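Below: one structure, written as structure tokens.
All chains are named by letter (A, B, ...) in the order of the sequence lines, taking the proteins before the strands, and each is independently numbered beginning at 1. Quantities reported herein were computed from a predicted structural model and do not represent experimental measurements.
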Amino acid sequence: MSADKKQQLKAIRGMNDILPPDTELWQNVETICQQVLSGRGYQEIRLPIVEQTQLFLRSIGADTDIVSKEMYTFDDRNGDSLTLRPEGTASCARAGIEHGMFYNQQQRLWYCGPMFRHERPQKGRYRQFHQLGAEAYGWTTPDIEAELIAVVHDMFERLGLRGTRLQINSLGDQQTRTQFRDALQNYLRPRKDKLDEDSQRRLESNPLRILDSKNADTQEILNGAPVLSDFLSEESSQHFALLQEFLVQLGIEFEINTKLVRGLDYYNDTVFEWINDGFGAQSTVCAGGRYDSLVEQIGGAATPGFGFAMGLERLVQILQEQNAAIAERSSKIDVYLISTGDAARGQALNMQSKLAKIGLNAVLHCGQSSLKNQFKRADKQGARVALIVGEEESAAKTVGIKILDRSAAPQSQQTVKQNDVVNAVTNCLESL
RNA sequence: GUGACUGUAGCUCAGCUGGUAGAGCCCCGGAUUGUGAUUCCGGUGGUCGCGGGUUCGAACCCCGUCAGUCACCCCA
């Protein structure tokens, strides 16, 4: 024993364990989302968590905060610069290029998994967090955009999520953004000293992001600023109008937020965001948009793309706060097996196998415990039926079946042969 | 990266102006020598986040550090 106290090993800051019973909710959420996606022809793609740093530098944009100060970047043993992925779209596009998936083809893909960003943790924002995203490659038309927005809409509906608003905007094409950027800078430069500190800094580096500043004074100044929609080309305007028409036909409500921009450089034309008010500062649950230049930017043939990413921690937390039906514990133990002595325990193990095989949730009491204690555990865990193999039953190859439901009659224990346990238990559960 | 608040048993928390720790829940045992809710009795469990300092004496005061929460920033 060393005199030094052993330091307690703890999880890395901002990287959380997800424990039962929460894992059950996570599974339910993921299952529902995946069903919605495959119902519309989207296929899963599984991507590595580590990529060459270069991929993110070229895709997300070197000037963005994500790249400049939030990435987990390190050299591996070969001296290559690697990065824990901060988002999924770049990897997805990379994989598509690498495997020729965009060559004369269109793709509907989805992915799900952990992402990493070195930010200060707070509600709805962690250093390891999970995103479920979908990407559609090879379509330039707004029909695919409406389809993907409908996918998210369906997910929220089936999850029982309440209070989400959809905001949409069009950033226009590259030329539009350049023109608008100039106009915005020309408007803001004379008013620079009235802007908040962060916005002053971004005036030259990333002026579009000033638009969604939370500073009240800055927003005041922006009221008189040029509006992006006035700069849209005829083509972009028509594209955006058609998307709106589709959404109306789908019965999906939306608001146009002309100040909605994205933090990643690769977006153009349509962008959208689902917001859940009342969840605090990190209210965006899902966001996405069109990125027609990304694939080319990272070395593929020009391929249009449209996609979204959903923050699962945020989604799960909101569902819990809203007491959504899906957040209620649903897993229920059907049978709890109680036994005394090794011979009886062996027989109980056998019966457990049989019951599990037909799809029942059968839990075996392991370890030395009094019968009383075993019953207590059965009750505490909400088991519907207890199976009892004591010494008498063990010798006679029988088993006691007792309904634990409190509304059941007190004298509800019966004894059957162990060989008939499956039928007896099935009948018993059906009668409840 | 910045700020505010917080950090006592597995969980939720109490602990008066400094006098070396307490409740409820949980868990275990008993009242009921083969039977679960309830009730009653008993028990396990903490170097008070960590490290320094002040003091005869620190959970309490001071400094540092780490972590959590929320907000800014950023973003899903």
Base partner of [N], which must satisfy Watson-Crick or wobble distances under 3.5 Å:
N     : result
B:U6  : B:A67
B:G22 : B:C13
B:C72 : B:G1

Quick one: does [X] reach the base of [N] with a side-chain donor-acceptor pair under 3.5 Å?
X        : N     : value
A:Glu393 : B:G34 : yes
A:Lys123 : B:U69 : no
A:Arg209 : B:C73 : no

If the cut-off is 4.0 Å, is A:Lys380 near the phosphate of B:C27, judged by side-chain N/O to OP1 or OP2?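 Yes, A:Lys380 has a side-chain N/O under 4.0 Å of OP1/OP2 on B:C27.
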Phosphate OP1/OP2 of B:C75: any A:Gln282 side-chain N/O under 4.0 Å: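 So the side chain of A:Gln282 is outside the cut-off, no N or O lying under 4.0 Å from OP1 or OP2 of B:C75.
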Return a single string for nucleotides 40-45 of chain B, one symbol per nucleotide in 5' to 3' order, where B is base contact, S is sugar-phosphate-only contact and - is none, cutoff 4.0 angstrom on heavy atoms. ------
If you check the A:Asp379 side chain, which of B:G34, B:A37, B:C73 turns out closest?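 The nucleotide sitting nearest to the side chain is B:A37.
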Which listed nucleotide (B:G34, B:A76, B:A37) is nearest to the side chain of A:Arg125?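 Output: B:A76.
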If you pin A:Lys214 and A:Tyr126 to their nearest nucleotides in RNA chain B, which one's is more 5'?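 Between the two, 5'-proximity favours A:Lys214.
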Which comes earlier along RNA chain B counting from the 5' end, the contact point of A:Thr284 or that of A:Gly390, where each point is its nearest nucleotide?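 Upstream on the strand: A:Gly390.
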Would you mind reading off the distance between A:Glu119 atom CD and B:A71 atom P, rounded to a whole angstrom?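 For the pair A:Glu119 CD and B:A71 P, the rounded distance is 13 Å.
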Whole-Å distance separating the CD atom of A:Gln374 from the C1' atom of B:C28: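 About 15 Å, once rounded to whole Å.
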Can you tell which of A:Gln34, A:Glu147, A:Gln107 makes a side chain to side chain donor-acceptor pair (under 3.5 Å) with A:Tyr42?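 Exactly one candidate clears the test, A:Glu147.
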To check you understand the geometry: which heavy-atom pair defines the closest contact between A:Phe231 and A:Thr176, and what is its length?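 Distance-wise, the nearest heavy atoms are O-CG2, 3.2 Å.
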Under 3.5 Å side-chain donor-acceptor pair for A:Asp196 and A:Thr218: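 Looking only at side-chain atoms, A:Thr218 and A:Asp196 do form a donor-acceptor pair, the distance falling under 3.5 Å.
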Side-chain donor-acceptor pair present, A:Gln167, A:Glu273, cut-off under 3.5 Å: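 No pair is found: no donor N or O on one side chain lies under 3.5 Å from an acceptor on the other.
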Taking A:Gln128 for its side chain and A:Gly14 for its backbone only, find out whether a donor-acceptor pair lies under 3.5 Å.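 Side chain of A:Gln128 to backbone of A:Gly14, a donor-acceptor pair under 3.5 Å: no, none is there.
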Report yes if some heavy atom in the side chain of A:Met155 is under 4.5 Å from a heavy atom in the side chain of A:Met310; otherwise report no.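 Touching, per the 4.5 Å side-chain cut-off.
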Distance under 6.0 Å and angle within 45° of ring axis: A:Arg108 vs A:Trp139: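 A:Arg108 over A:Trp139 ring: yes.
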Lys NZ or Arg CZ of A:Arg377 over A:Phe375 ring: under 6.0 Å, within 45°: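 Judged by the rule, A:Arg377 and A:Phe375 form no cation-pi pair.
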Please report whether the ring centroid of A:Tyr187 lies less than 6.0 Å from that of A:Phe180.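 Centroid distance A:Phe180-A:Tyr187: not below 6.0 Å, so no.
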Can you tell me, in whole Å, how much space there is between the P of B:A21 and that of B:G64?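 My reading of the P atoms in B:A21 and B:G64 gives 29 Å.
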Which atoms of nucleotides 3-7 of chain B (N or O only) lie under 3.5 Å from a protein N or O atom, and what are those distances?
unit_1 : atom_1 : unit_2   : atom_2 : d
B:G3   : O6     : A:Arg120 : NH2    : 3.3

